[in-house]
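Remarks on the structure that follows.
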Amino acid sequence: MLSDNSSAVAVAPGQFRSNLAIDLQESDAPVTDDGAVDSSAPLKDPDPEISYVVQKGDTLSTIFDFLHISQPTLYKLMEADLNVLALDTIQPGHQLGFNFDSEGTLKQFIFRSGLTYKVVFDRGEKGDFEFKEFIEKGGYRREIFTGEVQGDLPRSMQRAGVRIAEAYQVTSLLKERMNFRSHLRAGDRFELAVSRQYVNGEYTGNSIIEGFVYDGAIRKQSAFLFDDSYFDDQGESLEKAFQRIPLKRKYRISSSFNPKRKHPVTGLIRPHNGTDFSVPIGTPVLAAGDGVVTRVIKHRYAGLYIEIQHNQKYKTRYLHLSKAYVKKGQKVSRGQKIAASGNSGRSTGAHLHYELHVNGRPVNAMTAPIPVVQTIASKKRNAFKQQVAELKSQMDEQLALAKKQ
């Protein structure tokens, strides 16, 4: 039996499969402070009874309807997902797993995005779901690329072996320092050090720009990652500062960040992955930093919410809004009014729920390090110079090799 409310369901050939590999990690894997499970050597659990790869045009609702899984069950999953909002991100290629009990009731649902991220929802004795996030660290491998400009910079980098997404990370990082039309000349040279993440030898799509040097006839520019921020080779910050609170002034915090919070009735873990500010409905909500709006969504439990991607590292979310002043794909600046606070979704009163994510994980926005430094502290200068010298040496070796070929 494969459903909550029927004894059988017709499975579309070629869509649902019973043995799609979804590697689950054991529950005793190391748990981080934010409640996620880390593992660089994932363990394999039994495959789910029913597996599905999301296709173009699919929604969770249509998939669950096809399997005759009841709408109340879907709502319970969405409620458990409130502070992760992973289920809002489903897109073609994502993998879903379904396990059922002897009565045909969904007892476990698995969401997997790529090689490094999955969420497992298990049904408790009272019928509610509890979730666990699993983030596989995999292994990072540094790779060096060198080349010269012929045309625009991203395509020139791509010809040198750089992935186009990595090239765009570089141009996004340097957009305030370089004019990619007037500063570029054919024959200008560039060097890039990038760490790419692999799981079991397979590239996950995640990359970290470690260092970039542009040696041009008109413009010379560099960028190096140090202490989770980017600086030029003189130690000057390349990143615009964030503001700690996405409001015009400080308001009372009604609920703090707590990744291990328990539901007062069910006793299940219901992480509070953000900070709640007690603000009246209609209070202006500001972007915490420069970025691009990636989501403007009305959610059954999170209400109207906005998500902003600030660069490859930082992401912010703003929940329970009454009105949005931005749309998906729009560029925003730090301090720009993006919304009005509200009481939408499942909310016990007017407030703003604000989240800061760093490298894909929620952190305490009130205490986490954010880009505010303009130069490197004197006590860290030597460490920075040593790191830059090491990267430059590796890039120069690769450049010399390329010139010989």
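Not measured: the values here are computed from a predicted model.
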Do the two ring centres, one from F98 and one from F64, sit under 6.0 Å apart? yes

Quiz item: Hey, are T316 and Y318 close enough side-chain-wise for a donor-acceptor pair under 3.5 Å?
Solution: yes

Sorted by chain and number, sequence neighbours left out, salt bridge (charged side-chain N to carboxylate O under 4.0 Å, His left out) with D122 holds for none

Polar contact flag, side-chain donor to acceptor under 3.5 angstrom, S378-R381
no

Verify whether the ring centers belonging to H310 and F242 lie closer than 6.0 Å.
yes

query = Do S195 and E210 meet the criterion of a side-chain donor-acceptor pair at a distance under 3.5 Å?
reply = yes

- Message: Between F109 and L60, does the side chain to side chain contact (heavy atoms under 4.5 Å, CB included) criterion hold? Intermediate values first, please.
- Response: CA-CA 12 Å; F109 174 69; L60 271 183; 4.1 Å; yes

Requested in this report: Answer with yes or no after comparing the ring centroid distance for F111 and F131 against a 6.0 Å cut-off, counting only values under it.
Outcome: no

Across all chains, not counting sequence neighbours, the salt bridge (charged side-chain N to carboxylate O under 4.0 Å, His left out) partners of K385 are none

Nearest heavy-atom contact between L238 and D232 is CG-N, 3.8 Å

Across all chains, not counting sequence neighbours, the ring pair (Phe, Tyr, Trp, His ring centres under 6.0 Å) partners of Y203 are Y198

The side-chain contact (heavy atoms from CB on, under 4.5 Å) partner of L321 among I281, V296, L304 is L304

Residue pairs meeting side chain to side chain donor-acceptor pair (under 3.5 Å), one or both in residues 319-337, sequence neighbours left out, come to none

In short, G127 meets K76 closest at the heavy-atom pair O-CD, 3.3 Å

Sorted by chain and number, sequence neighbours left out, salt bridge (charged side-chain N to carboxylate O under 4.0 Å, His left out) with R189 holds for E148

Correct closest heavy-atom pair for Y305 and D88 would be OH-OD2, 2.6 Å

The single option from V149, V213, D215 that satisfies side-chain contact (heavy atoms from CB on, under 4.5 Å) with F190 is V149

Those residues at least two apart in sequence (or on a different chain) that pass salt bridge (charged side-chain N to carboxylate O under 4.0 Å, His left out) with R219 are none

Smallest heavy-atom separation, I218 atom then S182 atom, equals CD1-O, 3.8 Å

side-chain hydrogen bond (donor to acceptor under 3.5 Å, both in side chains) test vs T294 passes for just one of K315, Q309, E307, namely E307

Closest heavy-atom pair, Q150 versus A186, reported as atoms and distance to 0.1 Å, is OE1-CB, 4.0 Å

Any side-chain heavy atom of R317 within less than 4.5 Å of one from R295? yes

Heavy atoms of V162 and A167 approach each other most closely as CG1-N, 3.9 Å

| With a 3.5 Å cut-off and no angle check, do the side chains of Y75 and Q71 form a donor-acceptor pair? | yes

